[in-house]
Every structure is written in structure tokens, then in C-alpha cells.
Amino acid sequence: MMLNATNETQNLTSPRQLGNNYPNNLRCIWNITAPPGMLVRFTVHTLRTERCCDYLRVRWNTNVLVLRDRRSNIAFVSNAINLYFRTDISITMPGFVASYIVVNNTDGSYIPTPVTTIAPCGFQASVINISQPLNSPGYPGHYSNYLTCNWYLTARPGYFVQFTILQFNTEGCCDRLQIYGSYPYMRRFAGYVTRSTTVVSVNNTMRLYFRSDGSVTRTGFQGYFTETSVAMTTPAPTTTTPPTTQAPCGRNLTATNVSQDFYTPGWSSRYRNNLRCYWYIHARPGWQVYIQVVSVDTESCCDTMRITSTSDSLSNSLTLRGVSSRTLNFISRGNSFFLTFFTDSSVTRRGIHFTYQETRNNQIPTTPVIPNPEPCGTNYEVLSSEQPLRSPNYPNPYLSSRVCVWILTAPQNSRIKLRLSSFSTENCCDTLDITNITNMGVVTLGGDLSSTVYYSSTNMMTLTFRTDDNNDMQGFEFFFSIATGPIPTQRPAVAPTNGNNQQVQLATTSKARILHPVNTGLVFAVAFSIYSLLL
């Protein structure tokens, strides 16, 4: 329907039936226009719809806002307003009451409401050395219900993305901002943040994900992003106790023929309040997922994990809560499990530990292999006998969005021998830096490499493994020990660079390399001279 705004206030309400609720299956469109040189002010006074499925969509200028559930006193100003009201076949509610009127754009007594400059729900942006704003939709007003927003930020190769939160206020239980590609592998913000916080990416990309549910809304967050040449430093472990990597609150997992461990977030100490975590574990088509519950320790009344299997029209589920060390076996009907872990705002405990792997024909694996989980970084004392150092989850694919740091320490006045046995990572984005603790030299490894031997320049060495958020591969296996006999003195050749201007060590034969800084200018000059002589 076409509507013309005038100097008189005109009312607009959703269609109603007996009982004053709107009907089912509505598809209503209104277009409100103002005379040339004037603007329309459209105000939603009250709105009440079914949370999930019925909504009023408002388009003005180049902006779009979807209103649902309970909203009130929201104004829009533009030369034209487009409205779309949709309802489904189930619950009906009172709908909306609104009005519209012509306003003069030059009238100083009228100031457009902040909602006319509502921030977008996600975008892709190139990050430069000038600060750019990134706010939740509606800031400083309230964000909407049922938002799912993604922002993708990319800096130049060799630089990092820095995002600073100036203000943050969301519903603590249910509305959250997650930042991927930062240190640690993911940062989560919810509730009220009392001071500004800066997050720096581990490479030149960062993704921000904001989600809200259907209940309480607040002002959201205000922040800005910029480019930086300084990486977020990774805190080194200060004791010989292996640090515990925080388990993610939800992700996709793949079951293989090797048993893998699963832990709820905070397993080494306690999980947090108000968690809402979702996992999806799947096996190959035609296979099933086998779960063996090892330990359960949650608040029995209120903190629960539900494991659900669905196949065609059949489904079954297992609920874990309370305290139990009794072994439980559970096999999926199809090739997948869906897991939820919800906690309330009171007591917290250790959490839940189980193992999973693939199986067939409803058979419990007779000899499940349960490997010790490889730590994502730790301190090692180097001995005369060889010890293994492997990527997390090896030989299965390593985990995404991680930064792992290993520190090797040998006795004084000795050197470390590091022997590469197997190496396979995503060449562009998942890399391992090998360096002395005093940063006297560095080699960056990536791709598929053959056996190689490295020696440290001192009695200490660090290995830093960084992964992005996709294309996980098998990872690596090293063996380290105290070096004996003569130490080779040759320096490594200059490695080629990948697409991110990172040096990638392409080891093709078994050689020994000393980790020293390389004078790339000198190497280039020598190479150029040899090339000239050959011509």
C-alpha cells in the first residue's frame, strides 16, 4: 500500500482480527513517502510479536532493521520508509502501533534519533593504520533480538589486526561477542566489561561474531579496529607444569578410528557460569560415533550435558549431570551426535570428560586406542635420551585458531638437538616458528616437509605453533635430546616466502641446521653474483 505523509500525524497499525491479535500468514507491505524536500518520521510506539517467527522489517535510506518480540518508541527518519510485516501459521499477538508525519529537514528543533545511523550487522573490511569504528547494531541504543553478526577484518600481510573495546554491556547469560584469530585462540565477552580491552590477532585476519537471543537486550558494544605491526606477545609458562589449553565452548568434531578426548571448558579447574555450548561430532557416512563417558562432575540440579543422536524419524539422548566415575557407552543411531552443555549462575565444578571414535554395526570397539592428549605448549627438560614433541591431537588433525608455545631447556653449556620426523600443515596459514629463547635466530616451517635436524645456539629453544580457523592437517612430530659430538656450523639457506611474506623452510633432505640470524642481503648478493657468472 502507498501512503503519503503530511503535516498531520497519521496512525498505522498491524491488521487485526477478532480478539485484537493479527491473523496468521500475513505478508503486508507499506511504502510511506514525503513531499519533495521533506522527510518522513516513522515511529513505532509499541510492538509485540511471536519471538521466533513474526516480525516487522523497516527499510530506510540504505538501512534495514527487523523488529520482533517486544519493542517500543523507535523512530526512523528518511524521505521514504518501506515496511514489511510477516506472520507464520502458529501463535498470534497484538502486533504493532505506529505513526508517521512529515518533518522539515532544516528544522533545528528536530534532531534525528540515533537509530537512523544504526551500525551494520557485520561486514568485510580492510584494516589500515587509521582507527575505524565497529559497534553493535543500534549502539548507543539497544541491539535487536536474534542477531547473528559476523565482521571479517583483514590487514596487510606481515601486519596484525588490533580491536579495542571501549564500552561493553550485554545480557550476561545469552548475548555474547566472540573474537576469533586472537591470542588465545578465541576471546569471548558477555555481560558488563568495566574497562577498555584490546585484542590483537595472531596473523593478519580477525573475525568478530556477535549473537543475541530472544529476551533481554542492552546497549551492546562500542569499539574500533586498526592495523598494528606489533603482535600480541604470548606469555611463556613459568613452571614445569604443563599449561592447560582452554577447551572451546562448542565446535565441529570429526570421529576417526583413533579414540580422542573431549573435555568441557575449564576441565583442569572449573567451568564457568552461564555457559551455552554446542558441539557436533560426526563420522564418515555409513559409520557411527561411539562415546565412552570417563568422568562427570557437575552441579546435579542445574548444569547439564545432553548428547542427542538422530537418524531419520528416530532419536535418542543421554543426559549427564551430578558426580559419577562410572563408565558409560553410547553409540549414535546415524553418523553424528549433537551435544549441548548448559550451566546456571550458581555452583561450578570440574565438568565432563569422555572419549569418542568411529565404529560400525553398533559395536563397541574392542581395543579402543586412547592416546594421551598432546599439550598445546609446555616446558620440557631436555635429556640425553630422545623425547617426542607433537602437535595437539597428533596424528589426527590439529585444532584450529590456536597458539601453542613449547620451551625446551637443556643443562648449562649444552646444546639441543631437534629432529623432525613428520610435518604436514596448511602451507599458507599454519606455521611453526623455531627460535632460541633469546630470539637470536628463527626458522618458520609450513607445508609438507621431510626429515631435518636442527641444533640450538644456546641451551634453550622455543617452538611456537600458530593455526588459523580452517583446513586443519595432521601436524608434526619432533624428537629432542641433548646434542652430542661435533655441532655443525653451517647456516640455513634463505627460505622462500609464502603468500603472507613468511619464510617457509622447505626441507627436502635430512640436513643439520644451526638456528642463527641470516643476513639476507649478503645471501642475495652472493646468489646474484653466481647467477651473473653463469650468464
Side-chain angles (χ1 to χ4, degrees), residues 185-186 244-268 271 275-298 303-311 314-343 349-376 390-402 467 469-475:
Y185 65 96
M186 190 267 284
T244 299
T245 301
Q246 177 73 15
C249 181
R251 62 174 296 152
N252 289 339
L253 302 170
T254 301
T256 66
N257 61 353
V258 177
S259 179
Q260 303 175 64
D261 286 277
F262 174 94
Y263 302 94
T264 50
W267 167 259
S268 62
Y271 52 77
L275 287 177
R276 298 292 185 273
C277 304
Y278 305 88
W279 294 269
Y280 176 72
I281 305 177
H282 66 91
R284 292 174 290 174
W287 289 69
Q288 297 168 286
V289 180
Y290 163 68
I291 285 180
Q292 183 178 73
V293 180
V294 178
S295 177
V296 179
D297 183 9
T298 72
D303 301 338
T304 303
M305 169 170 283
R306 182 178 294 274
I307 305 174
T308 303
S309 172
T310 301
S311 176
L314 300 176
S315 65
N316 60 339
S317 63
L318 174 69
T319 300
L320 303 178
R321 66 174 66 175
V323 179
S324 174
S325 57
R326 181 168 59 96
T327 299
L328 296 174
N329 298 315
F330 197 38
I331 298 177
S332 62
R333 290 184 179 273
N335 73 324
S336 64
F337 274 124
F338 180 67
L339 288 72
T340 62
F341 183 54
F342 292 173
T343 67
R349 297 184 183 276
R350 192 178 189 193
I352 296 171
H353 171 209
F354 64 76
T355 62
Y356 63 95
Q357 66 182 100
E358 64 180 7
T359 187
R360 264 183 169 176
N361 302 321
N362 295 315
Q363 296 295 314
I364 295 177
T366 55
T367 57
V369 180
I370 306 177
N372 293 325
E374 299 294 337
C376 179
R390 304 180 179 98
S391 55
N393 213 34
Y394 184 89
N396 295 307
Y398 49 78
L399 302 178
S400 302
S401 304
R402 295 295 175 97
T467 67
D469 59 359
N470 56 22
N471 294 335
D472 301 337
M473 301 179 73
Q474 186 182 57

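Just so you know, these numbers use all the heavy atoms, side chains as well, and skip hydrogens, waters and symmetry mates.
- Looking only at distances, no side-chain donor or acceptor of Thr343 sits under 3.5 Å from a matching main-chain atom of Asp303.
- The CZ atom of Arg333 sits 7.0 Å away from the OG atom of Ser309 when rounded to the nearest 0.5 Å.
- Side-chain contact between Asp261 and Tyr263: present, with at least one pair of heavy atoms (C-beta onward) separated by less than 4.5 Å.
- The two atoms that bring Arg360 and Gly286 nearest to each other are NE-O, 3.8 Å, heavy atoms only.
- The side-chain heavy atoms of Met305 and Thr264, taken from C-beta on, include a pair separated by under 4.5 Å.
- In this structure, CD1 in Ile307 is found 11.0 Å from OG in Ser332, a value given to the nearest 0.5 Å.
- Checking Tyr290 against Gln292 by side-chain atom types alone, a donor-acceptor pair falls below 3.5 Å.
- Between the side chains of Thr304 and Arg321, a donor-acceptor pair is found at a separation under 3.5 Å.
- Without hydrogens or angle criteria, Thr308 side chain to Ser317 main chain gives no donor-acceptor distance under 3.5 Å.
- When each of Asp297, Leu339, Val293 is tested with Leu320 by the rule side-chain contact (heavy atoms from CB on, under 4.5 Å), just one qualifies, namely Val293.
- Looking only at distances, a side-chain donor or acceptor of Gln260 sits under 3.5 Å from a matching main-chain atom of Thr254.
- Exactly one of Phe341, Trp279, Phe262 qualifies for a ring-ring contact (aromatic ring centres under 6.0 Å, His included) with Phe354. That residue is Phe262.
- In this structure, Arg276 has no salt bridge (charged side-chain N to carboxylate O under 4.0 Å, His left out) partners at least two apart in sequence or on a different chain.
- Here the closest non-hydrogen pair linking Ile281 and Ala255 is CG2-CB, 4.3 Å.
- Counting heavy atoms from C-beta outward, Val296 and Leu328 have side chains that stay 4.5 Å or more apart.
- The ring-ring contact (aromatic ring centres under 6.0 Å, His included) check on Phe330 picks up Phe337, with sequence neighbours excluded.
- Asn393 CG to Tyr398 OH: the interatomic distance, rounded to the nearest 0.5 Å, is 11.5 Å.
- Judged by distance alone, the side chain of Asn335 and the main-chain N or O of Ala283 form a donor-acceptor pair under 3.5 Å.
- Side chain of Thr298 to main chain of Gly322: a donor-acceptor pair is present (N/O by atom type, distance under 3.5 Å, no hydrogens or angles).
- Residues Ile331 and Ile364 are in side-chain contact: their nearest non-hydrogen atoms beyond the backbone lie under 4.5 Å apart.
- Side-chain atoms of Gln288 come within 3.5 Å of backbone atoms of Asn361 as a donor-acceptor pair (strictly under, hydrogens ignored).
- The side-chain contact (heavy atoms from CB on, under 4.5 Å) search around Phe338 returns Tyr278, Thr340, not counting sequence neighbours.
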